[in-house]
Amino acid sequence: MPSAVRSSRGSSALRFGRFAAMGAVAVLILIAGVWASWGTAQHVMLTKGRERGTVEVTRCAEDACEGPFRPLSPGSQPRATVVLGDTVAVEEGRTYTVVLKPGGAEAVRSGPAGVLYAWVPLGGALLLASVVVAGGLLRTRAAWVMALAGAGLLTAAFVAL
């Protein structure tokens with residue numbers, strides 16, 4: 001009988017250890033997704049006091065597009081050239097609404113497409129964390145909710161762009 005008690009305690013400790021380790025990994029993945037998204041999302045979502053306007057893309061390179069900035073918000077100054085760092089779904093000759101990052105000539109897309117695109121890293125993190133939650137924590141319902149939320153976010157960003 002004493003060996004059965006030790007075995008039970010040992011397996012409980014292992015279960016708790018697995019739960020703690022996989023929970024920490026899942027939380028770390030989600031924090032990394034929010035951290036990666038927030039760098040751009042803060043400029044797109046918190047636009048009060050930021051320069052907003054439009055950019056007509058005149059030239060695109062491998063990793064950036066640029067064009068003249070025409071202000072829409074009060075106090076904004078027109079600029080001869082601003083840079084759109086991510087060239088996903090950006091075409092030469094088209095005009096996009098943007099928000100300028102403070103202290104420079106770097107712009108990020110605004111509006112629903114910009115918000116969704118800014119949160120794409122979180123969508124990927126949700127998909128990745130759902131695998132950890134399902135396999136490591138054995139919480140299939142929570143994993144499905146996370147996976148569907150991540151897939152929905154990625155799909156909405158793809159459609160919006």
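Note: hydrogens, waters and symmetry copies are ignored here, and every other heavy atom, side chains too, is used.
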Smallest separation among heavy atoms of L84 and A107, with atom names
CD2-O, 3.6 Å
Determine, using the 4.5 Å side-chain heavy-atom cutoff (strictly less than), whether V82 and V90 are members of one ILVMFWY cluster.
yes
Taking only residues two or more places apart in sequence or in another chain, which ones pass salt bridge (charged side-chain N to carboxylate O under 4.0 Å, His left out) with R94?
none
Side-chain contact, heavy-atom cut-off 4.5 Å: L138 with R15?
no
Would you say the side chain of R79 lies within less than 4.5 Å of the side chain of L100, judging by non-hydrogen atoms?
yes
Shortest non-hydrogen contact from A26 to V133?
CB-CG2, 4.0 Å
For R52 and F69, what are the C-alpha separation, side-chain angles and deciding distance, and is it a side chain to side chain contact (heavy atoms under 4.5 Å, CB included)?
CA-CA 9 Å; R52 296 181 309 256; F69 174 75; 6.0 Å; no
Can R109 and V44 be said to form a side chain to side chain contact (heavy atoms under 4.5 Å, CB included), step by step?
CA-CA 7 Å; R109 286 185 64 175; V44 177; over 6 Å; no
Residues E51 and Q77: closest non-hydrogen pair is OE1-N, 3.2 Å
Let me check something: do V83 and V55 share a hydrophobic cluster, defined by ILVMFWY side-chain heavy atoms less than 4.5 Å apart, either directly or through other members?
no
Non-neighbouring partners of S110 that pass side chain to side chain donor-acceptor pair (under 3.5 Å), sequence neighbours left out:
T97
Shortest non-hydrogen contact from M22 toward V132
O-CG1, 3.6 Å
Any chance you could lay out the side chain to side chain contact (heavy atoms under 4.5 Å, CB included) test for L72 and T54, step after step, and finish with the verdict?
CA-CA 7 Å; L72 295 176; T54 61; 3.8 Å; yes
Just how far is it from atom CG of L148 to atom CG of L127, taken to the nearest 0.5 Å?
9.0 Å
Hydrophobic cluster membership, V115 vs Y96, 4.5 Å side-chain cutoff
no
Treat each ILVMFWY residue as a node, draw an edge where side-chain heavy atoms are under 4.5 Å apart, and state whether M146 and W119 are in one component.
yes
If you count every heavy atom of other residues, nucleotides or ligands that lies below 6.0 Å from R70 atom CZ, does the total exceed 12?
no
If you compare all heavy atoms of T58 against all heavy atoms of P68, which two are closest, and at what distance to 0.1 Å?
CG2-CD, 3.7 Å
Applying the 4.5 Å side-chain criterion to the ILVMFWY set and letting contacts propagate, would M45 and L153 be lumped into a single cluster?
yes
Side-chain donor/acceptor pairs under 3.5 Å, residues 30-41, sequence neighbours excluded:
from : atom 1 : to   : atom 2 : distance (Å)
S37  : OG     : G33  : O      : 2.9
S37  : OG     : A118 : O      : 3.4
S37  : OG     : L122 : N      : 3.1

For the residue pair L161 and A113, what are the closest heavy atoms and their distance?
CD2-CB, 3.9 Å
R139 side chain reached by W144 side chain, heavy atoms, under 4.5 Å:
no
What I'd like to find out is whether the side chain of L154 reaches to under 4.5 Å of the side chain of V120, using heavy atoms alone.
yes
Under 4.5 Å between any side-chain heavy atoms of K101 and V108, yes or no?
yes
